[in-house]
Amino acid sequence: MKQELEQAVSAAVKDLFGADVSVELTRPDEQFGDYATNVALQLAKQVGKNPREVAEQLAGSLREKLAETVKSVDIAGPGFLNLTLTDKALTSVLNAQPAKPLEGKKILVEYSDPNPFKPLHAGHLYTTLVGDTLARLIENAGAKPVRLNYGGDVGLHVARCMWGIIHDLWGELPDKLAAIPEADRASWLGMCYVKGTEAYESNEAAKAEIIAINKRVYQLHAEGDHDSPFARIYWTCRKWSYEYFAVLYQQLQVVPFDRFIPESEVTPLGVRTVREQLQKGVYKESDGAIVFEGEPHGLHTRVFINSEGLPTYEAKDVGLLLTKWQDYHYDKSYYITANEQAQYFQVMFKSVEQFLPEAVERAVSMTHGVVKLQGGVKMSSRKGNVVTALEILDAAREAGKETGTNPSEETILAAVKYAFAKNRIGGDIVYDPKESIALEGNSGPYLQYAHARARSILAKASDSRHSEQSEESTQQILHSVQDDAELEAEERGLLRKITEYNEVVERATSELMPHHICTYLYELAQKFNQFYEHNRVIGDDRKAVRLALVQHYADTLKSGLELLGITAPERM
RNA sequence: GCGCCCUUAGCUCAGCGGAUUAGAGCGUCUGUCUUCGGAACAGAAGGUCGUAGGUUCGAAUCCUGCAGGGCGUACCA
């Protein structure tokens, strides 16, 4: 409907003024109409006329051309055109199929990216949810996204943890690992990591040992060593890490990843490529390291291979980018990480652009903010108040218990996911467990309830007269609004809001900003509650229309929640 | 120092070129209703959109300076 109207307006503009303008219809305040456009203001200058005059002419033409679907065309303010659809036309929007702009596209989405041998903190939970939602949006738009999860199983952080492990075991004694209870594995690894990190920073001898361990880990991969005591420790603990990640993903109920790419898998290709491109002058030697000089491009210089001859994150990421390109030849490849890596990606991309521009052109780094606690305190591992990913879920459960309503696990998840989804991606977010689980306000549980409430009406209605098919619903509304029979104000208000759904999803998808969906769903629920407060459904003369409206409302809310990875239970 | 990002009601956030009323939620205050699930509805108070300029018919939205905050800035990821 929106597109048809835009075309009609743009055709009218062409007829009257011979001008080409991109017409964009917006949703104005309900009191003004269903759609609005400012083309007259844009045109005024081009045509050399006063905007109101332009608007008058356009309005006249549109009233004639769109008599079928538009009830009124009004001119407001300096020259805005407000279009109000007939109830029948507005109802027909319910039949519109959502656009599939990404049909047939191959899109990679890399997110979550936890490092084996390191704990999962609150930021991992956030980045996992952001990625999961974006991938859902992309899938909803018709593409088949490839969900990738990349993680550092080689590198200095691994060496620090390995150092801690070996010290805690009093030697390279893999058999002693069996003594660690399964439930304690993750926290034990976390403890070893902290130990190793502290030693690295404060103890020169330990630092040298850790650097040596770092080399041995790379070597172990190069040789395919699975049998030496050192290797047995490494592989066992790496496996434990992946098992620990799986627990989080399982609890979060995110869509499973298509592929886990450990850094060790792409490291050789990255190193080889950087060395090759060193010969071609893309990378340069400097102080024994291999770097990319970013300054000529307005960026900064970064080390890709350090003076020990070992690859840094940079070289590995070059290997990852090439691996993605070779394996998928993607149309688009998204990297979802925290803001602190934003400029890093620019440098890494710029370097690869020098020899593989087509792969970089289609790669996009999207970054999000940091998770903070109430009061805006940043979570810091240095200060020891690091909050782990699983602790966020526990905090929500705890807050749920305190409400006395004992929310289900399904509602706990809704609370957490919605709290993280409702803010625009990019800024830091403050997580407040109490607010997220709150029974009132803009929260996940509120929306689940708003859905369950509507379903219970539908269930009650179908008790009294068998099944209520959703296909019939549109017909029911259509039928009752034919022959100029009109909808009542609150019915129409709810219907209007429901018809915005596809437009909101399209916007959220094109901008990759799922929070628009949250804002919309909350408004939708409010519209429903307004309607519901003043209008009886069952037992009223207008039962058929109203039941159909409730049906569409519930279905719309459910679809929206699903895009956010939130379930919509029938009852709570 | 340089680069990137941020600054909207007491708090948490939408809005990101348009409609002289800048929107929500929470919190505060006040009403409605013996409810097809009240986890509701109606209303009030609360903001010179960090600051100073500029562009524009029109700026919270674009540009520039300044202040405050965050992140990055060579061998971490």
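The basis for the numbers below is simple: all heavy atoms, side chains too, and nothing from hydrogens, waters or symmetry mates.
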Atom pairs, N/O to N/O, protein against nucleotides 7-9 of chain B, distance under 3.5 Å?
none

Would you indicate what Pro28(A) reaches in the nucleic acid, counting non-hydrogen atoms under 4.0 angstrom: base, sugar-phosphate, or nothing?
base

For C41(B), take OP1 and OP2 only and decide whether either is under 4.0 Å from a side-chain N or O of Asn529(A).
yes

Side chain of His300(A) (C-beta onward), nearest among U73(B), C13(B), C36(B)
U73(B)

So if I apply the side chain to side chain donor-acceptor pair (under 3.5 Å) rule between Glu490(A) and each of His534(A), Arg546(A), Gln530(A), which one comes out positive?
His534(A)

Glu314(A) versus Tyr283(A), side-chain donor and acceptor atoms under 3.5 Å:
no

Phosphate contact (C16(B) OP1 or OP2) by Arg507(A) side-chain N/O below 4.0 Å:
yes

If the sugar-phosphate is the primed atoms plus P, OP1 and OP2 and the base is the rest, what is the B/S/- string for nucleotides 20-29 of chain B, using protein heavy atoms under 4.0 Å?
----SSS---

Given the C1' atoms of A45(B) and C36(B), what is the spacing between them in whole Å?
35 Å

Any donor-acceptor N or O pair under 3.5 Å, side chains Asp29(A), Gln31(A):
yes

For the pair Asp432(A) and Lys372(A), find out whether any cationic side-chain nitrogen is under 4.0 Å from an anionic carboxylate oxygen.
no

Between His515(A) and G15(B), is there a contact of a side-chain N or O with OP1 or OP2 at under 4.0 Å?
yes

I'd like the C1' distance from G18(B) over to A59(B), given in whole Å.
9 Å

Nearest-angstrom distance, P atom, G10(B) to G50(B)
13 Å

With stacking defined as ring centroids separated by under 5.5 Å and planes differing by under 30°, is Tyr532(A) stacked against A40(B)?
no

Where the side chain of Leu439(A) is concerned, which of C41(B), G3(B), A39(B) is the nearest nucleotide?
A39(B)

Considering only the C1' atoms, how many Å lie between G46(B) and C57(B), rounded to the nearest integer?
33 Å

side-chain contact (heavy atoms from CB on, under 4.5 Å) partner of Asn149(A), chosen from Asp113(A), Thr128(A), Ile261(A):
Asp113(A)

Step by step, would you call Lys324(A) with Tyr150(A) a side chain to side chain contact (heavy atoms under 4.5 Å, CB included)?
CA-CA 11 Å; Lys324(A) 286 178 177 178; Tyr150(A) 176 63; over 6 Å; no

Salt-bridge test for Glu523(A) and Lys527(A): reply yes if a basic N is under 4.0 Å from a carboxylate O, no otherwise.
no

Could you list the protein-to-nucleotides 74-77 of chain B atom pairs, N/O on both sides, closer than 3.5 Å?
residue: A74(B); atom: N1; partner: Ser286(A); partner atom: OG; Å: 2.6
residue: C75(B); atom: O2'; partner: Asn306(A); partner atom: ND2; Å: 3.2
residue: C75(B); atom: O2; partner: Ser307(A); partner atom: N; Å: 2.6
residue: C75(B); atom: O2; partner: Ser307(A); partner atom: OG; Å: 3.3
residue: C75(B); atom: N3; partner: Ser307(A); partner atom: OG; Å: 3.3
residue: C75(B); atom: N4; partner: Asp287(A); partner atom: O; Å: 3.3
residue: A77(B); atom: OP1; partner: Lys316(A); partner atom: NZ; Å: 3.3
residue: A77(B); atom: OP2; partner: Tyr313(A); partner atom: N; Å: 2.8
residue: A77(B); atom: O3'; partner: Glu263(A); partner atom: OE2; Å: 3.1
residue: A77(B); atom: O2'; partner: Asn115(A); partner atom: ND2; Å: 3.2
residue: A77(B); atom: N6; partner: Arg302(A); partner atom: NH1; Å: 3.2
residue: A77(B); atom: N6; partner: Arg302(A); partner atom: NH2; Å: 3.2

When you compare U34(B) with C13(B), how far apart are their P atoms, in angstrom units rounded to a whole number?
40 Å

My understanding is that only residues two or more places apart in sequence, or in another chain, count here; which of them pass side-chain contact (heavy atoms from CB on, under 4.5 Å) with Asn442(A)?
Tyr418(A), Lys422(A), Tyr522(A)

Quick one: do the Asp317(A) and Tyr335(A) side chains pair a donor with an acceptor below 3.5 Å?
no

Can you list the stems that include RNA chain B, where a stem is three or more consecutive Watson-Crick or G-U pairs with distances under 3.5 Å?
B:1-7 with B:67-73, B:10-13 with B:23-26, B:28-32 with B:40-44, B:50-54 with B:62-66

Mind checking the C1' distance from G31(B) to G70(B)? Whole angstroms is fine.
44 Å

Salt bridge present between Lys207(A) and Glu201(A) (N-O < 4.0 angstrom):
no

Gap between atoms CG and C1', on Leu41(A) and U56(B) respectively (whole Å)
12 Å

Of the listed nucleotides (A39(B), U12(B), A40(B)), which one gets closest to any side-chain atom of Val430(A)?
U12(B)

Rounding to an integer number of angstrom, what distance separates G72(B) and U20(B) when you compare their P atoms?
43 Å

For Glu198(A), what residues pass the side-chain contact (heavy atoms from CB on, under 4.5 Å) criterion, not counting sequence neighbours?
Val194(A)

Do Glu506(A) and Lys2(A) meet the salt-bridge criterion of a basic N to acidic O distance under 4.0 Å?
no

